[in-house]
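Below is one structure, written out as structure tokens, with a few remarks after it.
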Amino acid sequence: MAGKRHVILGSGTAGLNAIRTLRQLGDDGPIVLVSAEAPYSRMVLPYYLARRITEPHVTTATGRQLDEWGVERQIGRRAEGLDTQAAKLRLDNGEDVAYDDLLIATGSSALRPPIPGAEHARCFNFWTLDDAKGVSKTISPDAHVVMVGAGFISFTILNGILERAGRLTIVEVAPRILPRMIDDAGAALVTDWLIERGVTIRAGAEITRIAEQGQGLRLTFAEGDSIDADLVLMATGIRPNLGWLDGSGIETNQGILVDEYLRSNVDNVYAAGDVAEGRNRVTGAREVHAIEPTAMEHGRIAAANMAGKKIAYPGSLLMNIVSAAGLDMASFGSWDDDGAEVIAAQAPARRAYRKYLFRGGRMVGAILIESAGETWSGNDVGMLKGLVQSGVDLSAWKSHLAERPFEIKKPYLATGTTARLLPETIIGQPSPAM
Amino acid sequence: MKVLSISPERCTGCMRCELACAYMQSGAYQPAKSVIRVAPLEMHTSYAPFTCFQCDEGWCMTACPVDAIAISAVGAKIVSDDQCVGCKLCTIACPYGTIFYDEDTHKATKCDLCGGDPACVEACPTQAIEWVEGDAADWLGEFAARRAGTDLTGLAAVE
Ligand SMILES: Cc1cc2nc3c(=O)[nH]c(=O)nc-3n(C[C@H](O)[C@H](O)[C@H](O)COP(=O)(O)OP(=O)(O)OC[C@H]3O[C@@H](n4cnc5c(N)ncnc54)[C@H](O)[C@@H]3O)c2cc1C
């Protein structure tokens, strides 16, 4: 008997991981991939901008690979509607695609701020391959680039801009940079570091107008003054792609609400990645975690369940790492938990900062900042992830960490974190080669 | 499958494993390039080497957005320098802290079991690191816990 007909919507991280996992688990049902874009990895686009890699390198599955997996495809097609009764997707060319089960992995889109002039051709988002190509073509060694928005995505492309442009100004409407990745103290450290390296940062500033000025653009602030730019990059937030689900009966909040099996309120409709609102591993609350590791884990768990295994997901762990001009910064879990007990410390000579957040004996979140030369002489980045992920009891070690905040290896080892972690796999079995 | 089995009570902290590893990884005797790291414990009176467990999940491998990490013939998760873009995602996905970023090459680096003939094993004069049939285990947990007493109470004494 042939397996179920799986329709995978979206060929990003979640969609592709789902396809691969279905085949790895021996599911031989037909797979139809419907996607607006060809398969590629958004998160490596910064390295394309920095010219570390060329365009083919961003591709995550070639036609050959998809053929090998036996994937029928409709690339360049957008889903426009869903009829869960009839179990059919409606495409933008009017065609219907029938499914036995469906995975919605449509990711998210970058928002354009509602600033007059923001639609100018020299204003770019940096979310799609087309965006990246546009920026790469337009940027020049003497260009002044203004980045609107100082969030994580801006920081992922910061090095590429510094390498390829003359000057960089960062404008952020919030009172400080990286408001959703690190705390105030960390942001202050990163701000100083960047200013020392010639980056101009203007936080707490709102742009009210963008207008053509000679060959470039003029950005006017709410305060009335202005700056000129050759190129403007907008990274002011993203939104899950779920507008096309209106009227489908699929329950959504910020994203599509999914249970521990990555299933929506409709039994044979799953959702994964940026578009899904699933369990936060640390808090248990349902949240959209628009990060790569969540998309990967969601995609694999959803596929395992579509393949008939009953695999529950413990939830996703918020995690980010980015380097800006030689300063590494990473954060994990509930690094902004106001109700948590906090241990924080700085080693100014190394520009190092640590913050550990506890609920009882459990580390629920952490921040690490360190100059890149230092970070990798230790094991701390991953060990912090392991401590937050495993939830080991660190009660006996809190005073040690307060005294020696840069010594996390001992508590990590002595609490048997390794033993807790070794049996854990995402889909309940060792991962085969990718 | 063979694994790197670690017996911390035999480690003298001589660091030869780090040097041998650094040489295998980079061709230079630069401990910073080593992917086995000797941890000082018990107020720096005991030591224990710590490196990749080649874990079942392969957190680094499954996290990699461009499939730059594969499984070698001897069961090591290995980074392909041609594929790695240096995004560091593997370093936050690995919950053991055993995959690193090399500032010189802009690539991730980790234990590759030296293709089946681990240099750290050969370099260790006290057989604290052995290459044996078996499963990965928490080699250091109990040892570190036993010695933790000094670390936890010793603080007051030094301060
Ligand atoms: C520049 C940049 C840097 C990043 N860096 C990091 C990082 O360092 N770490 C990290 O964790 N995350 C990073 N991210 C975020 C990460 O890329 C995303 O979280 C991840 O791609 C989400 O995967 P996904 O499968 O949910 O969505 P996506 O990868 O966005 O894939 C969505 C897919 O759905 C398709 N699609 C959308 N709508 C429709 C429709 N209606 N019909 C058909 N197809 C549709 C799209 O074409 C695409 O193929 C970065 C993102 C960017 C843009």
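Here the structure is a predicted model, which is why all the values come from computation and not from measurement. Every chain is numbered from 1 and lettered A, B, ... according to where its sequence line falls, protein lines coming before strand lines.
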In terms of heavy-atom pairs under 4.5 Å with chain A, which of T62(B), I71(B), D67(B), L140(B) leads?
-> T62(B)

When you measure from the side chain of S136(A) to the backbone N and O of A132(A), does any donor-acceptor pair fall under 3.5 Å?
-> no

Below 4.5 Å from any heavy atom of chain B, which atoms of F332(A) appear? Answer side chain, backbone, both or neither.
-> side chain

Is a side-chain donor or acceptor of T62(A) paired with a backbone partner of Q65(A) at a separation under 3.5 angstrom?
-> yes

Of the listed residues (P423(A), G373(A), A330(A), G378(A)), which shares the most heavy-atom pairs with chain B below a 4.5 Å separation?
-> G378(A)

Segment of D82(B) engaging chain A (4.5 angstrom heavy-atom cut-off) = backbone

Measure distances from I53(A) to the heavy atoms of chain B and classify the residue's part below 4.5 Å as side chain, backbone, both or neither.
-> side chain

Comparing A50(A), S377(A), S390(A), A295(A) against chain B, the one with the most heavy-atom pairs below 4.5 Å turns out to be S377(A)

Chain B contact via R42(A) - side chain, backbone, both or neither, heavy atoms under 4.5 Å = neither

M319(A) portion near chain B, given a 4.5 angstrom heavy-atom threshold | both

Interface moiety of A48(B) toward chain A, non-hydrogen atoms closer than 4.5 Å | neither

Identify whether NZ of Lys or CZ of Arg in R37(B) sits under 6.0 Å from the centre of the six-membered ring of F100(B) and within 45° of that ring's axis.
-> yes

May I have the step-by-step check of ring pair (Phe, Tyr, Trp, His ring centres under 6.0 Å) for Y47(B) and F50(B), ending in yes or no?
-> CA-CA 10 Å; Y47(B) 297 85; F50(B) 187 76; over 10 Å; no

Part of V66(B) within contact of chain A (heavy atom distance under 4.5 Å) = side chain

Salt-bridge criterion met for R10(B) and E130(B) (N-O under 4.0 Å) | yes

Applying a strict 4.5 Å limit to non-hydrogen atoms, the region of R20(A) in contact with chain B is side chain

Relative to chain A, which segment of C94(B) carries a heavy atom at a distance below 4.5 Å: side chain, backbone, both, or neither?
-> backbone

Step-by-step ring pair (Phe, Tyr, Trp, His ring centres under 6.0 Å) determination, H298(A) to Y313(A) | CA-CA 8 Å; H298(A) 276 183; Y313(A) 185 44; 5.5 Å; yes

Kindly determine whether W376(A) and T91(B) satisfy side chain to side chain contact (heavy atoms under 4.5 Å, CB included), including the steps that lead there.
-> CA-CA 10 Å; W376(A) 309 107; T91(B) 69; 3.3 Å; yes

When C90(B), A63(B), C64(B), A93(B) are compared by non-hydrogen pairs under 4.5 Å with chain A, the top option | A93(B)

Check whether the side chains of S323(A) and D328(A) place a donor and an acceptor atom closer than 3.5 Å, and report yes or no.
-> yes

Of the backbone (N, CA, C, O) and the side chain (C-beta and beyond), which part of E297(A) lies under 4.5 Å from a heavy atom of chain B, both, or neither?
-> side chain

Over-ring placement of K385(A) relative to W59(B), 6.0 Å and 45° cut-offs | yes

Okay, M296(A) and chain B: the region with an atom under 4.5 Å from a heavy atom over there is side chain

Could you check which of C87(B), C60(B), A32(B) has the highest count of heavy-atom pairs closer than 4.5 Å to chain A?
-> C87(B)

Answer with side chain, backbone, both or neither: which region of A39(B) has an atom nearer than 4.5 Å to a non-hydrogen atom of chain A?
-> both

Salt bridge or not for D102(B) and K33(B), using N-O below 4.0 Å?
-> yes

Check whether NZ of the Lys or CZ of the Arg K88(B) lies under 6.0 Å from the centre of the six-membered ring of Y101(B) and within 45 degrees of that ring's axis.
-> yes

Please look at P31(B) and chain A and tell me whether the side chain, the backbone, both or neither of the residue comes under 4.5 angstrom of a heavy atom of that chain.
-> neither

Does a donor on one side chain sit under 3.5 Å from an acceptor on the other, for S316(A) and R281(A)?
-> no

Using non-hydrogen atoms only, which part of Y412(A) is less than 4.5 Å away from chain B: side chain, backbone, both, or neither?
-> side chain

The interface call for P432(A) against chain B, heavy-atom contacts under 4.5 Å, is backbone

Which of K410(A), Q429(A), M383(A) touches chain B most, by non-hydrogen pairs under 4.5 Å | K410(A)

Under 4.5 Å from a heavy atom of chain A, the part of Q83(B) involved = both

Top contributor to chain A contacts, counting heavy-atom pairs under 4.5 Å, from D135(B), I99(B), L89(B) = L89(B)

May I ask you to say whether R351(A) pairs ionically with E370(A), meaning some side-chain N is under 4.0 Å from a carboxylate O?
-> no

Under a 4.5 Å heavy-atom cut-off, does chain B meet the side chain of S41(A), its backbone, both or neither?
-> side chain

Will you find, in the side chains of K110(B) and Q54(B), an N or O donor that is under 3.5 Å from an N or O acceptor?
-> yes

Region of D380(A) in contact with chain B, defined by heavy-atom distances below 4.5 Å | neither

